[in-house]
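Comments concern the structure below.
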Protein chains: 2
Amino acid sequence: MRQKKTSAGHVTVLERLRAAGLRPTRQRMALAKLLFARGHRHVSAEQLFNEAKAQRVDVSLATVYNALHDFTAKDLLREISIDSSSSYFDTNIGNHHHFYFERSGRLEDIADDQVQIAALPEPPGGAEVSRVDVIIRVKA
Amino acid sequence: MRQKKTSAGHVTVLERLRAAGLRPTRQRMALAKLLFARGHRHVSAEQLFNEAKAQRVDVSLATVYNALHDFTAKDLLREISIDSSSSYFDTNIGNHHHFYFERSGRLEDIADDQVQIAALPEPPGGAEVSRVDVIIRVKA
DNA sequence: TCTCAATTTAGAATAATTCTAGACTACCTT
DNA sequence: AAGGTAGTCTAGAATTATTCTAAATTGAGA
């Protein structure tokens, strides 16, 4: 037997939500499809909301925020706030870093192995490190 | 002869503003003193505004924002936005990095030489790097 | 002192995000 | 299949940080 059907992305998204302990509602399914359909992306709430509208997916902005936060809490997304005006959600949750293009405000992933850190200080008080972010700000 | 008088921080702050090409107004002088009086700090607009009030320095919140942005534009401060809820201004403008304490939202400087980066990718299209930020997020 | 551009200010405006409270729905139980 | 219920969704109000506006003030040079 072949793999689970993936043609429309249905089953996969459904499973991802279930595995995360999130009830697969119509809205979450639709948003998850938009987010995870193709390769990694960085989206703002407003962007995702507009994409949903463009595809006639009827969701409220509040639901988009709820979903993004729920997904983040369950490690399906990672939140990034570089530019204080709005935050972005990254579908790439593995270790990696970012280029930040100051002019456009765009983010681009940098694979973890492209950055080598030889020395890092210990957090004071022996606190646990939750992650290390490297942001290369680019004048472009 | 000894150095310029620094006792009240007056002359120094005045010179800093003039050197930056910023008119040394009463408000900017007062805010600069609060910012640069002692060692390096990370302040939000609201914080600085409250400090000013506490010291009976009469400035409007809009002026605090104006001053922080003017100072940043003239490289007397550096703006940092890690937590999307509000941005911080760092009086340390040299190369350095940060610990970010997730629970409290507090920032702590890491001296540049404490972090050694062995490899970094080139920005796409040969764009110029304006700076590299390393943020160690700590669960505390 | 006079002039004028730079600066300050109160309050309105904006923008991103969160909250509220009622309506809906996924899913478990029977 | 029906019902109950906690979880979810939603429109719109509320909140928060920040910026804008337009008028008043002021620093600094002539």
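Residue numbers start from 1 in every chain, and the chains themselves are labelled A, B, ... in the order their sequence lines are given, proteins ahead of strands.
- Across all strands shown, B:Ser44 has no heavy atoms under 4.0 Å from either base or sugar-phosphate atoms.
- Atom CD in B:Gln27 sits roughly 11 Å away from atom P in C:dT7 (whole-Å rounding).
- One can place OH of A:Tyr65 at 13 Å from P of C:dA15, the figure rounded to the nearest angstrom.
- Using a 4.5 Å cut-off on side-chain heavy atoms (C-beta onward), A:Ser130 and B:Val138 make no contact.
- If you check every strand for non-hydrogen atoms under 4.0 Å, A:Asp58 touches sugar and phosphate atoms only.
- Counting non-hydrogen atoms under 4.0 angstrom, A:Thr63 reaches a base of the nucleic acid.
- Proximity of A:Thr25 to the phosphate of D:dC9: a side-chain N or O atom is located under 4.0 Å from OP1 or OP2.
- How far CG of A:Leu48 is from NZ of A:Lys53: 12.0 Å, rounded to the nearest 0.5 Å.
- Across the protein-nucleic acid pair, A:Phe49 atom CZ and D:dC9 atom P stand 14 Å apart, rounded to whole Å.
- Going from atom CG of B:Leu48 over to atom C1' of D:dT18 covers 15 Å, rounded to whole Å.
- Both B:Arg18 and B:Ala45 lie near DNA chain D, and the one whose nearest nucleotide falls closer to the 5' end is B:Ala45.
- An OP1 or OP2 oxygen of D:dT8 is reached within less than 4.0 angstrom by a side-chain nitrogen or oxygen of A:Arg28.
- In this structure, CZ of B:Arg26 is placed 13 Å from P of D:dT25, rounded to the nearest angstrom.
- Within the 4.0 Å cut-off from OP1 or OP2 of D:dT18, at least one side-chain nitrogen or oxygen of B:Ser87 is found.
- Note: CE (A:Met29) to P (C:dT25) measures 16 Å, nearest angstrom.
- Atom CG in A:Asn66 sits about 11 Å away from atom C1' in C:dT17, given to the nearest Å.
- We find that A:Asp58 and A:Arg56 are not joined by a salt bridge, their nearest charged nitrogen and carboxylate oxygen being 4.0 Å or further apart.
- Mapping A:Arg23 and A:Leu61 onto DNA chain D via the closest heavy atom, the residue that lands nearer the 5' end is A:Arg23.
- Look at CD on A:Glu79: it is 8 Å from P on C:dT17, rounded to the nearest Å.
- Between B:His69 and the phosphate of D:dT18, there is no side-chain N or O to OP1/OP2 separation shorter than 4.0 Å.
- A salt bridge between B:Arg28 and B:Asp70 is present, with a side-chain N of the basic residue lying under 4.0 Å from a carboxylate O of the acidic one.
- Two residues are said to be in side-chain contact when any heavy atoms from C-beta on lie closer than 4.5 Å; B:Leu120 and A:Ile110 fail this criterion.
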